[in-house]
Amino acid sequence: MSENTAAPRRDFIREMVADDVATGRFGRGPATRFPPEPNGFLHMGHAKSICLNFGIAQEFGGTCNLRFDDTNPATEDVKYVEAIQRDVQWLGFNWDGLYYASDYFEKLYDIAEALVLKGKAYVDDQNEEQIRTNRGTVTSAGTPSPWRERSADENLDLLRRMKAGEFPDGAKVLRAKIDMAHPNMVMRDPLLLRIRHAHHYRRGNDWCIYPLYDFAHGLSDAIEGITRSLCTLEFKDAREIYDWLVAEAGFVNPPTQIEFARLELDYTVLSKRKLLRLVNDGHVNGWDDPRMPTIAGLRRRGVRPEAIRAFAEVIGVARKDARVEIATFEHAVRNDLNMEVPRVLCVLNPLKVVLTNYPEGQVEMLDAPSYPHDVPKTGSRPMPFSRELYVDRDDFMEDAPKKFYRLSVGREVRLRFGYLITCNEVVKNDAGEVIELRCTYDPDTRSGQAPDGRKVQGTIHWVSAAQAVSCEVRLYDRLFSQPDPDDVPEGQDFLSALNPASLVVIPDAKIEPSVASDPIGSRYQFERTGYFMSEPESSTPEKLVFNRIVGLRDSWAKEVKKG
RNA sequence: UGCCCCUUAGCUCAACUGGCAGAGCGUCUGACUCUGGAUCAGAAGGUUCCUGGUUCGACCCCAGGAGGGGCAACCA
C-alpha cells in the first residue's frame with residue numbers, strides 16, 4: 001500500500017504551490033480561497049474551482065477560505081449565501097475562514113484614502129459615457145480625464161463626501177491614476193469605487209460607495225493572507241491591476257493570481273446569467289431542477305458528491321479553454337454508482353405476460369443478489385414470482401430481426417433471477433395494439449439453471465404483477481439538444497436549443513416490492529435501464545417517485561443507429 | 001498603440017525547470033456467461049499547426065507565418 005498508490009494528479013498550479021512550500025516563498029502556509037458572488041447558485045464550473053482551491057489546501061496542509069464577493073448590492077441576496085454554503089459542504093469541503101468582501105469595505109476605503117494621498121488615485125466627475133469613450137480602444141490610446149490632475153487635498157475631500165453620501169449615483173467615481181495610454185485596457189485608470197445608494201443584503205443602507213471587482217478582489221485576498229489567488233482565464237488581463245494594487249497598498253509577500261481554464265460542458269450552459277434566465281423564464285423548475293448543471297440540481301437528480309469530485313479530478317486544470325464532453329461527466333457518475341448501489345428490477349413500460357403453465361394463485365420467492373459478481377458487495381432480496389408478470393414493451397417485438405435477443409413469438413428468453421420462458425401467443429386489443437403475451441415457463445430453469453445446458457441469448461427484467469409497486473419515473477435527459485447551445489442561427493438565442501424531451505414522465509412504472517421499505521433518497525441501478533434515486537422532494541411512501549440520474553452506457557442504441 | 005492566451009490521438013484534453021508524448025470517450029478484440037445494450041481486460045490509433053533556428057537532445061527555448069480565443073460594464 002505504498003508504492004502503487006497513484007500519485008496525486010499534478011497540474012501547473014499544484015506545481016507552483018509545491019514550489020511555494022519548498023522555497024517558503026510567501027513566509028506562510030499555502031492559502032487559497034473560493035470567492036463566489038452570491039448572485040446565483042453554484043454550478044459545475046464552480047465545483048471545479050472548489051475542488052481545486054479546497055483540494056490544494058488539503059493536499060498541502062494549507063487553508064482555504066470561503067469568501068463571498070458581495071460588492072454589488074443590486075444582484076446579491078442572502079438566499080444565495082445560504083445555498084452556496086450548503087453546496088460547498090455537500091461537496092465535502094469545510095472552509096477555514098468564512099468571510100465577506102462587504103466586511104472589508106472600511107479597510108478598502110482606508111486604502112483608497114491612502115492611494116489618494118499618494119497621488120495614485122483621483123475622483124473623476126465624468127459620466128459613464130464619457131469615461132467609456134475616453135478610455136480609447138484596443139488600438140488607440142485613451143484621453144485623460146479633465147479631473148485627473150486634481151490635488152490630493154481636493155480628491156480627499158471629494159472622496160470623503162462621496163462616502164458621506166453627498167453625491168447621487170454616477171456623479172463621481174474614484175479611479176486609480178495609472179496610464180490612459182496603457183496597452184492593457186485594464187490599466188487605463190481603472191475604476192475603484194462607484195456610488196450606489198442601494199440596499200445591500202448585509203450592509204443595509206449604511207454604505208454607498210461600492211468597490212469594483214478589481215479593487216476589492218486582490219486586496220481582499222491580501223487581507224486574508226491568501227498566497228495563490230486562483231481564477232479563470234478571462235481575468236488574465238486583470239492580473240496587472242491586481243499586482244499594482246497589492247503593491248501600492250503596501251502588502252509584503254502579497255498573493256499572486258494564477259489563471260486556469262473555466263469549465264465548459266457539452267449540452268448545457270455554465271453561466272449564471274443564462275441559468276438565471278432559465279429559472280426566471282420558467283424553462284426549468286428552479287435552480288435545483290434536476291436538469292440544471294447546478295450543484296443543487298445534480299444533488300436533487302441523485303448524483304453523489306464523490307462523482308463530482310472524481311470528475312473534477314479527471315478533467316484536471318489547464319491554461320487552455322476546454323470544452324468537456326458531457327459523456328465524460330456521465331461516465332464519472334456511472335463509475336461512482338456502479339460500485340455503490342444495489343440492483344433492482346423496474347419495468348418502465350409494462351406489458352403483461354401470462355405464464356399459461358404456471359399454477360394460478362401460486363407465488364414463489366426467488367432470491368435475487370443485489371450486486372453483480374464484480375462489485376465487492378453482498379446482499380440479496382426476495383423477489384415474488386407468479387403467473388402474471390410485467391416485462392418491458394421494448395423487450396418484445398412482433399417482427400423481430402434476427403439479432404433481437406428478446407421476446408418474440410417462438411423465442412425463448414431468461415427472466416432475470418428466474419426461469420426461461422417462451423412466448424407462444426400475442427393478445428391484441430381492438431386497435432391492434434399488443435396488450436398481453438401468453439408464454440410458458442420451463443420449471444427446470446429456475447434462477448439461472450438449465451439442466452440440459454441450453455443457453456438463451458437474452459435476459460430481460462420483469463416484475464410480478466400482483467406484488468409490483470406502481471411508481472412514477474422521471475427520465476431526465478440533456479437540457480439542450482446540441483453540444484453548443486449558443487451555436488444557433490442569427491436572431492435566436494440559446495433557448496431555441498432547449499431539448500423538448502429533457503424530462504419525460506412515466507406516471508405508472510412497475511417496480512419490485514423490495515424497494516418499498518427503503519428510505520426516500522435511496523439510489524439504485526434499475527437493471528438494463530440506468531441509475532435512479534427516489535426523489536426526496538416529491539416521493540412519499542405511498543407514491544414513490546424516481547429520478548433517472550443517468551442511463552446505462554448504451555451501445556445498443558449505437559448498434560441500432562448503425563443499422 | 002494594440003496587449004495577452006491557445007493550437008498535441010477520430011473526439012475532449014494532459015505532459016514539472018528541454019530527456020522514450022499520456023488519459024477519458026469513441027473504435028476493435030477478448031473475458032464473465034443470470035444485466036451480452038451492463039461490467040471487466042487488452043489492443044489499435046501521433047509529421048505535437050507550418051517554416052526556419054539554438055541544442056547531444058525541442059510539444060517545451062528563439063525568429064517568422066497560419067488559424068482560434070480573451071480584453072474597450074460605474075458586472076464579477
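Within every chain, numbering begins at 1; the chains are lettered A, B, ... in the order of the sequence lines, protein sequences first and strands thereafter.
Between A:His43 and A:Ser271, the shortest heavy-atom distance links the atoms NE2-N, 4.4 Å.
Counting to the nearest Å, the P atom of B:G2 and the CG atom of A:Asp237 are 17 Å from each other. Taking atom CG on A:Asn72 and atom C1' on B:C74, their separation rounds to 10 Å, with Å as the unit. Spacing between atom NZ of A:Lys377 and atom P of B:U39 amounts to 18 Å, rounded to whole angstrom units. Put simply, CD1 on A:Ile84 is 14 Å from P on B:A76, counting in whole angstrom units. Atom pair A:Glu330:CD and B:A38:P shows a separation of 14 Å (rounding to whole Å applied). Between the CZ atom of A:Arg239 and the P atom of B:A76 there is a distance of 21 Å, rounded to whole Å. In this entry the distance linking CZ of A:Phe526 with C1' of B:U35 reads 14 Å, nearest Å. As a whole-Å value, the separation of A:Met44 CE from B:U12 P is 18 Å.
No more than 12 heavy atoms of other residues, nucleotides or ligands shown are found within 6.0 angstrom of CH2 on A:Trp147.
Atom name P, nucleotides B:G57 and B:G19: the rounded distance is 14 Å, in whole Å. Rounded to whole Å, the C1' atom of B:G68 lies 23 Å from the corresponding atom of B:G52. Nucleotides B:A76 and B:C71 are separated by 16 Å at their P atoms, to the nearest Å. With C1' as the reference atom, B:U8 and B:C49 are 10 Å apart, rounded to whole Å. Using atom C1' as the reference point in both B:U48 and B:C59, the two lie 5 Å apart (nearest Å). With both ends at atom P, the span from B:U54 to B:G2 equals 32 Å, rounded to whole Å. Across B:C6 and B:U17, the matching P atoms stand 12 Å from one another, rounded to whole Å. The gap from the P atom of B:A21 to that of B:C25 amounts to 23 Å, rounded to the nearest Å.
Across all strands shown, A:Ile131 has heavy atoms under 4.0 Å from base atoms, whether or not it also approaches the sugar-phosphate. Across all strands shown, A:Ala181 has heavy atoms under 4.0 Å from base atoms, whether or not it also approaches the sugar-phosphate. Residue A:Glu128 is in base contact, counting any heavy-atom pair closer than 4.0 Å across all strands shown. Using a 4.0 Å heavy-atom cutoff across all strands shown, A:Gln525 reaches at least one base atom of the nucleic acid. Residue-level contact check: A:Glu76 touches neither bases nor backbone, having no heavy atom under 4.0 Å from any strand. Using a 4.0 Å heavy-atom criterion, one finds that A:Asn338 contacts the sugar-phosphate atoms exclusively. Across all strands, A:Thr459 comes closer than 4.0 Å only to sugar-phosphate atoms, never to a base (heavy-atom distances).
Nearest nucleotide to the A:Phe417 side chain, out of B:C34, B:U35, B:A76: B:C34. In the set B:C74, B:G24, B:C4, the nucleotide with an atom closest to the side chain of A:Glu325 is B:G24. For A:Leu212, the listed nucleotide lying nearest its side chain is B:C74; candidates were B:U35, B:C74, B:U1. Distance from the side chain of A:Leu552 is smallest for B:U35 among the nucleotides B:C4, B:U35, B:U1. Of the listed nucleotides (B:U1, B:C71, B:C74), B:C71 has the atom at the smallest distance from the side chain of A:Val138.
For the pair A:Arg319 and A:Phe12, the cation-pi test (distance below 6.0 Å, angle within 45°) is passed.
Under 4.0 angstrom from either OP1 or OP2 of B:A76 there lies no side-chain N or O belonging to A:Thr75. For the OP1/OP2 pair of B:C74 and a distance below 4.0 Å, the side-chain nitrogens and oxygens of A:Arg135 include at least one atom meeting the criterion. OP1 or OP2 of B:U35 has not a single side-chain nitrogen or oxygen of A:His461 nearer than 4.0 Å. Regarding contacts with the backbone of B:C75, a side-chain N or O of A:Arg194 is found under 4.0 angstrom from either OP1 or OP2.
Between A:Pro369 and A:Phe417 the shortest side-chain heavy-atom distance falls below 4.5 Å. Between A:Phe34 and A:Leu52 there is no side-chain heavy-atom pair separated by less than 4.5 Å.
With a 3.5 Å ceiling on both atom-pair distances, the Watson-Crick or G-U wobble partner of B:C61 is B:G53. In this structure, B:C16 makes no Watson-Crick or G-U wobble pair, since no nucleotide meets both defining distances under 3.5 angstrom. In this entry B:U47 has no Watson-Crick or G-U wobble partner, no candidate having both defining distances under 3.5 Å. Across all strands shown, B:A31 forms a Watson-Crick or G-U wobble pair, both distances under 3.5 Å, with B:U39. Here B:C25 sits opposite B:G10 as a Watson-Crick or G-U wobble pair (both hydrogen-bonding atom distances under 3.5 Å). Using the Watson-Crick or G-U wobble rule with both distances under 3.5 Å, B:U1 pairs with nothing in any strand shown. When both pairing distances are held under 3.5 Å, B:C74 makes no Watson-Crick or G-U pair with any nucleotide shown.
Using modelled atom types, one finds a donor on one side chain and an acceptor on the other under 3.5 Å when comparing A:Asp70 with A:Tyr201. One side chain, A:Thr75 or A:Glu37, offers a donor N or O that lies under 3.5 Å from an acceptor on the other. For the residue pair A:Asp444/A:Tyr419, the side-chain donor-acceptor check at 3.5 Å is not satisfied.
For the pair A:Phe235 and A:Asp179, both in contact range of RNA chain B, the more 5′-proximal nearest nucleotide belongs to A:Asp179. Looking at which nucleotide of RNA chain B each of A:Met185 and A:His182 is closest to, the 5′-most match is held by A:His182.
Base orientation for B:A31: anti, the chi torsion being more than 90° from 0.
Side-chain to base pairing of A:Arg196 with B:C74: one donor and one acceptor N or O lie within less than 3.5 Å of each other. Evaluation of atom-type donor-acceptor distances gives no pair under 3.5 Å for the side chain of A:Glu15 against the base of B:U17. You won't find any donor-acceptor pair under 3.5 Å spanning the side chain of A:Arg323 and the base of B:U12, going by distance alone.
A:Asp125 and A:Lys172 are joined by a salt bridge, as a carboxylate oxygen and a charged side-chain nitrogen come within less than 4.0 angstrom of each other.
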